[in-house]
Amino acid sequence: MEKRETKARREGLPELQNAEKGKVVLRFAPNPNGPLSFGHARGLVINSTYREMYDGEFILRFDDTDTKVKPPMLEAYQTIQEETEWLTGRKPDRVVIASDRIDEYHRHAEMMLDQGFGYVCRCSAEEFKEYRVAKTACPCRTQTPQDNLVFWKRMLNGKFKPGQAVVRVKTDMTLKNPALRDWPALRLQDTAAHPHPRPEIGSAHVVWPLLDFQSAVEDHLQGVTHIIRGKDLMDSTRKQTLLYEHFGWTYPETMYWGRVKVHEWGGFSTSQMRADIETGTYSGWDDPRLPTLAGLRQRGTQSEALRNFWLELGITQKDISVPLATLYAHNTKVIDDDAPRLTFVRHPASFTLVGDHPDSLSIPVHPNHENMGQRTWNLSSGTIWLESEDLEKMDLRLKEFADVGLHDRSAHIESMERSDKRPIVHWLPDRNATEAVLTGTKDNAVFHIEGQLEAHKHPAGTIVQLERVGYAKIVDKTTLMLCHEDLGES
RNA sequence: GCUCGUAUAGUGUAGUGGCCCAUCAUGAAGGACUCUCAUUCCUUCGACCCGGGUUCAAAUCCCGGUACGAGCACCA
């Protein structure tokens with residue numbers, strides 16, 4: 001009987017190992033070389049949800065220690081904080097910027113050299129690779145701490161060019177895993193040619209930590225207790241654990257998730273998107289075709305839907321491929337109850353109403369929620385719009401109104417009550433219609449559909465349901481953005 | 001090549017030796033409700049990678065194979 005409890009389907013995320021309520025510290029550390037993407041959302045959602053579960057702390061950390069290969073984008077520091085707040089529903093408890101902490105990393109590098117578990121290596125990358133493969137020590141490995149500190153000062157003073165010297169962590173050249181053998185901790189960057197975009201940093205430093213060192217030291221300094229990240233960083237954990245042993249620290253608990261691919265999106269990289277935006281392939285970071293948070297928001301994806309999506313996937317180490325339909329299903333659940341109904345007649349054709357009918361019509365804003373009020377349509381002109389795709393059938397039921405028969409350009413009212421099984425179509429009196437364009441995406445292309453939109457007072461940003469068409473976001477008076485891909489139109 | 005990791009329905013996911021002829025969601029098909037091709041509700045379909053072993057008992061433990069992914073960057 002008690003055992004049924006344990007067998008019941010687990011709800012939400014699994015428990016954290018070694019976690020004490022109120023004492024859990026988590027972090028998410030993106031590179032600010034662009035705004036956040038769909039994949040980043042996983043790190044944000046999982047880590048911030050654990051913060052919630054354990055009443056702990058959540059740190060947003062900018063790992064901006066490369067000025068050349070992945071140069072940070074200045075605006076991203078702000079954007080990412082806003083996006084984090086949007087997605088997680090609150091500000092991070094702490095924000096740490098790695099480039100503000102260079103002195104701290106230098107201090108630890110010096111400790112490492114002084115205590116003899118690190119050394120300044122002057123081999124080239126190619127040379128060292130041979131030593132790594134051969135499992136033999138490079139000549140620099142046996143230098144005394146005194147010598148290492150001298151070389152260190154020379155690194156700091158710009159006496160070496162990038163590539164001429166690097167600080168390595170002494171591990172063991174015979175370790176089974178080649179990735180762990182005397183891994184590099186800090187290197188030189190030509191910050192004169194490639195200054196850091198933050199004006200307060202600029203060209204102030206030439207010795208910069210690599211991710212494994214920076215992240216390891218910072219996690220310790222911030223008291224991080226649990227690290228949950230992609231399994232591509234598993235070797236990172238092993239490297240960092242070796243460093244922690246040297247320093248006499250204890251490594252946080254770790255969990256990993258696998259790769260996620262979205263069927264409809266190929267492999268997008270931040271740098272590739274950046275290039276495509278610059279060449280005009282995409283309109284901006286918020287282009288609805290892009291797998292960025294900005295792009296998803298642009299098309300009306302709710303943060304709650306994104307959270308539910310990632311929580312449902314959980315943190316398995318399996319590499320998976322999911323269709324966008326899964327995300328859309330979550331989004332539909334979130335938005336439907338609040339989405340006012342609106343009529344949008346695509347490719348409209350004008351008809352004249354023939355027959356007796358009232359001058360006005362009242363239709364609920366939402367069929368399931370009377371308290372959302374009524375929309376009132378004005379029929380006095382006797383002219384209506386019908387969707388041209390609906391005209392194949394000559395007998396139609398105008399939704400909420402009347403059965404009509406179509407002859408030429410007129411719609412003859414045959415009955416106000418529903419009298420048979422004729423198809424129900426959406427329609428619009430011209431007095432309540434304005435021209436509008438519905439924008440959507442399909443197969444990485446943008447399409448526009450012209451039509452007549454029902455007059456409304458919803459502010460920009462409102463998610464509405466266009467009856468028989470789909471959910472859409474109101475962009476401005478005459479523009480709508482389709483929330484979910486695939487309309488069968490192009 | 002070396003190292004590490006993962007393998008449950010179409011797609012995701014629960015399950016850590018007996019409650020499992022396997023959970024939940026999504027998807028597909030059918031139906032109910034509805035004056036939307038929406039929402040809601042109901043029904044049906046459909047899976048433990050392969051081969052050995054341990055055990056009274058294995059999706060669950062062990063070994064081997066296969067497949068897929070990641071790391072071996074002076075990127076993150």
Side-chain angles (χ1 to χ4, degrees), chain A residues 1 3-4 6-11 14 29-33 63-66 68-72 98 121 123-126 128-129 132-133 135 160 162-168 175-181 183-189 207-208 210-212 214-215 229-239 256 258-261 263 270-271 308-309 311-314 316-323 325-330 332-333 335-337 339 341 343 363-364 366-369 397-403 417-418 422-426 465-471 487-488:
Chain A
M1 203 58 187
K3 266 202 146 178
R4 280 199 78 182
T6 60
K7 275 289 184 180
R9 185 180 169 81
R10 199 197 73 229
E11 289 291 333
N31 181 342
N33 62 341
D63 279 355
D64 57 345
T65 55
D66 187 293
K68 188 182 173 186
V69 182
K70 292 185 175 171
C121 177
C123 302
S124 69
E126 297 71 39
F128 191 84
K129 188 174 183 181
R132 181 174 52 232
V133 172
K135 301 188 182 181
F160 290 109
Q164 292 180 337
V166 64
V167 176
R168 292 188 181 284
L175 286 171
K176 273 176 71 183
N177 188 340
L180 313 184
R181 297 172 196 157
W183 54 272
L186 302 99
R187 82 330 198 160
L188 294 155
Q189 293 196 99
V207 179
W208 286 77
L210 273 327
L211 170 79
D212 289 313
Q214 179 272 128
S215 179
R229 57 183 169 191
K231 69 174 184 179
D232 49 310
L233 264 10
M234 271 180 160
D235 281 349
S236 231
T237 295
R238 299 183 183 103
K239 288 187 212 174
Y256 309 93
R259 301 282 286 191
V260 172
K261 261 203 320 221
H263 290 172
T270 303
S271 37
N308 292 343
F309 173 87
L311 289 175
E312 182 173 67
L313 296 198
T316 61
Q317 290 188 30
K318 211 161 126 188
D319 301 312
I320 55 174
S321 184
V322 285
T326 305
L327 176 61
Y328 293 153
H330 279 111
T332 297
K333 280 199 177 70
I335 62 184
D336 184 77
D337 248 7
R341 269 46 177 174
T343 295
I363 301 172
H366 193 300
N368 305 344
H369 302 291
R397 169 77 186 171
L398 302 185
K399 188 169 184 294
E400 312 270 5
F401 182 53
D403 287 356
E417 297 306 314
R418 189 161 191 201
R422 64 181 70 190
I424 297 165
V425 301
H426 62 298
Q465 190 204 70
L466 303 176
E467 291 182 303
R468 291 183 72 225
V469 176
Y471 299 94
L487 234 198

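Chain letters run A, B, ... following the sequence lines, proteins first, then strands; residues in each count from 1.
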Is it the case that the base of B/U6 and the side chain of A/D319 share a donor-acceptor contact (distance under 3.5 Å, atom types as modelled)? no
Is the backbone N or O of A/G258 less than 3.5 Å from a side-chain atom of A/D319, with the two atoms forming a donor-acceptor pair by type? no
When you compare the side chain of A/V322 with that of A/F309, does any pair of heavy atoms fall below 4.5 Å? yes
So A/P184, base contact, sugar-phosphate only, or nothing? Heavy-atom distance under 4.0 Å. sugar-phosphate
According to the Watson-Crick and G-U wobble definitions, with both distances under 3.5 Å, which nucleotide is paired to B/C61? B/G53
Pair assignment for B/C35, Watson-Crick or G-U wobble, requiring both distances under 3.5 Å: none
With sugar-phosphate meaning primed atoms plus P, OP1 and OP2, does A/S321 contact a base, only sugar-phosphate, or nothing at under 4.0 Å between heavy atoms? sugar-phosphate
Answer for the Watson-Crick or wobble partner of B/C20, both distances under 3.5 Å, is none
Specify the separation, in whole Å, of atom NZ of A/K70 and atom P of B/A76. 7 Å
Under 4.0 Å, counting only non-hydrogen atoms across every strand here, what does A/Q317 touch: a base, just sugar-phosphate, or nothing? sugar-phosphate
Give A/Y471 one of three labels, base, sugar-phosphate or nothing, depending on what nucleic acid heavy atoms sit under 4.0 Å from its own. sugar-phosphate
Both distances under 3.5 Å, Watson-Crick or G-U wobble: report the partner of B/G27, or none. B/C45
Once you apply the 3.5 Å cut-off to both distances, tell me the Watson-Crick or G-U wobble partner of B/A7, or none. B/U66
Taking the nucleotide of RNA chain B with the nearest heavy atom to each, does A/R181 or A/M234 sit closer to the 5' end? A/R181
Could you tell me whether the phosphate oxygens of B/C72, OP1 or OP2, come under 4.0 Å of any side-chain nitrogen or oxygen in A/K239? no
Using a strict threshold of under 4.0 Å (side-chain N to carboxylate O), is an ion pair present between A/D66 and A/R187? yes
Go ahead and name the base partner of B/A14; Watson-Crick or wobble counts if both distances stay under 3.5 Å, otherwise write none. none
pair_partner(B/C72), Watson-Crick or wobble, both distances < 3.5 Å, evaluates to B/G1
Indicate, with a heavy-atom threshold strictly under 4.0 Å, whether A/L188 touches base, sugar-phosphate, or nothing. nothing
Output the rounded distance in Å from CD (A/E312) to P (B/U26). 8 Å
